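One structure below.
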There are 2 protein chains.
Amino acid sequence: MTTPSTVQRIEMVLTEEISVGELTPGMRLDEAKLAERFGVSRTPIREALNRLTAQGILVPGEKRGVFVAQYSREELSQIFEAMHEIEAACARIASQRLNLLARSEIEQAQSECLAAARSGDRAGYLRANEAFHMAIYKATGNPYMAEIATEFRRRTGPFRAKKFETTQDLIESAESHRELIDNIFSEDSATASNGMRSHMTASFMQTLKVN
Amino acid sequence: MTTPSTVQRIEMVLTEEISVGELTPGMRLDEAKLAERFGVSRTPIREALNRLTAQGILVPGEKRGVFVAQYSREELSQIFEAMHEIEAACARIASQRLNLLARSEIEQAQSECLAAARSGDRAGYLRANEAFHMAIYKATGNPYMAEIATEFRRRTGPFRAKKFETTQDLIESAESHRELIDNIFSEDSATASNGMRSHMTASFMQTLKVN
DNA sequence: ACATTTGTTTTTGTATACAAAATAGTGGCC
DNA sequence: GGCCACTATTTTGTATACAAAAACAAATGT
């Protein structure tokens with residue numbers, strides 16, 4: 001692992017703070033303040049903000065300033081629709097490329113989801129759930145596909161996280177993975193992609209309630 | 001239409017030059033030279049290069065410099081696989097949202113493809129073909145989906161363009177749209193997405209021969 | 001009291017300067 | 001002649017400076 005450059009570091013910190021909810025949607029990011037906070041000049045800050053904007057995590061304001069992306073219900077619905085299609089495509093490709101390693105990595109991630117859910121570890125479950133989906137992306141063997149999927153995951157992170165309130169929420173989410181896994185492991189592409197679509201749709205129903 | 005800022009202008013010019021093939025894959029872009037050429041300082045050039053890098057059109061070199069993205073056959077195959085899935089997803093969504101306007105825009109674009117193909121207008125066909133696919137993206141009613149699709153289209157532009165040599169190539173490509181349109185207009189999502197996948201796959205076979 | 005204009009302050013975009021990293025070049029040495 | 005060490009040059013990343021644009025605020029006139 002190469003040492004991250006200054007702008008990569010800034011990018012990572014901000015991404016993290018947004019996904020954790022420390023920086024909430026709609027909030028404005030001030031170049032000068034960030035420069036002072038990170039102890040660097042505006043130049044690398046600008047570069048980091050540009051990259052985050054390109055990823056859709058931040059959006060440029062009407063006249064000036066960049067803001068943490070904030071979506072209307074309509075936009076949220078569209079962005080999730082797109083994400084569902086991407087996820088479904090990943091499931092589809094993965095179902096056709098499955099090997100022993102991929103299967104075990106997915107199962108492994110699922111165990112961790114269940115463990116975290118049962119112990120009511122919300123933060124742990126969020127991490128494990130990401131890892132679970134990442135395992136599917138990886139199983140596609142296609143880094144380009146994996147990258148768009150990851151990007152959408154980051155973009156929607158702050159909205160999805162909100163839906164997990166109780167331990168029961170976590171358990172239900174974790175258990176719903178089982179059918180999804182079976183669908184993917186069936187190695188039938190239509191079953192896999194439809195399975196993912198319905199998993200995601202069910203999940204989105206919950207998300208919409210809290211956004 | 002707002003006047004494009006300096007960096008947007010630079011971004012557009014470079015994008016165009018890459019898609020046209022004036023800047024070929026593997027070529028190095030020198031900040032200082034570009035700065036001189038556009039009559040600006042390195043700062044806005046840097047910003048433009050960053051954005052293009054974020055879009056995957058440029059890639060950072062090992063140690064220094066940015067280069068026009070160049071893909072091995074393996075990578076090309078992966079990137080097209082991803083693109084096929086995105087296009088298929090667009091076809092799928094579009095098939096469920098079709099209205100009269102969308103239908104006529106797609107047919108309109110197709111007429112222009114045929115006209116350009118028959119008159120052997122290569123550049124014209126390339127443009128018309130882009131417009132045809134854009135019409136499908138637009139028919140999804142989902143700007144997020146449309147954006148990723150467009151991004152992939154830009155990224156693969158230089159490789160896809162190469163496959164059109166003769167007028168016959170153009171005509172065959174344009175005529176193969178017919179079946180695709182019928183599949184989408186059937187309003188059956190599986191038919192639409194599978195139709196797009198096979199259209200894209202056939203097209204990729206040609207692409208691979210020349211890359 | 002309100003709208004409009006004018007002046008002030010912030011904020012952004014671009015230019016320039018500079019230091020650190022990387023490459024290329026040069027000369028000496030075997 | 002080939003190879004290594006060392007220097008010069010290019011190139012990059014970051015800082016700083018400055019001018020133009022935008023937001024804000026106050027004052028003026030109606």
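Below, chains carry the letters A, B, ... as their sequence lines are ordered, and counting in each starts from 1. These numbers come from a predicted model, not from an experiment.
The distance from atom CD1 of Ile10(B) to atom C1' of dG13(C) is 12 Å, rounded to the nearest whole Å. Going from atom CD of Glu47(A) over to atom P of dG13(C) covers 14 Å, rounded to whole Å. Summarising the geometry, the separation between CD1 on Ile45(A) and P on dT11(C) is reported as 15 Å, rounded to the nearest angstrom. To the nearest angstrom, C1' of dT10(C) lies 10 Å from NZ of Lys33(A). Between Phe67(A) atom CZ and dT11(C) atom P there is a gap of 12 Å when expressed in whole angstrom units. Whole-Å rounding puts the Phe38(B) CZ to dG13(C) C1' distance at 17 Å. Atom pair Arg28(B):CZ and dA24(C):C1' shows a separation of 13 Å (rounding to whole Å applied). Rounded to whole Å, the distance from CD on Glu36(B) to C1' on dA15(C) is 15 Å.
Among residues two or more places apart in sequence or in another chain, the salt bridge (charged side-chain N to carboxylate O under 4.0 Å, His left out) test is passed with Glu107(B) by Arg178(B).
Taking only side-chain atoms of Ser41(B), from C-beta outward, the nucleotide of dT16(C), dA15(D), dT11(C) with the closest atom is dT16(C). Between dT14(C), dT14(D), dA15(C), one nucleotide has an atom nearer to the side chain of Arg46(A) than all others, and that is dT14(C). Distance from the side chain of Arg42(A) is smallest to dG13(C) among dG13(C), dA15(C), dT12(D).
Relative to the six-membered ring of Phe152(B), Arg155(B) meets both conditions, a distance below 6.0 Å and an angle of at most 45° to the axis.
Contact annotation: Thr6(A) side-chain N/O to dG13(D) OP1/OP2 distance is not under 4.0 Å.
For Arg64(B) and dG13(D), a side-chain-to-base donor-acceptor distance below 3.5 Å is absent, hydrogens and geometry of angles not being considered.
Remark: of the listed residues Thr15(A), Leu49(A), Leu34(A), Val40(A), Val40(A) is the sole one forming a side-chain contact (heavy atoms from CB on, under 4.5 Å) with Ile10(A).
With respect to the salt-bridge test (charged N to carboxylate O, under 4.0 angstrom), the residues Glu87(A) and Arg153(A) qualify.
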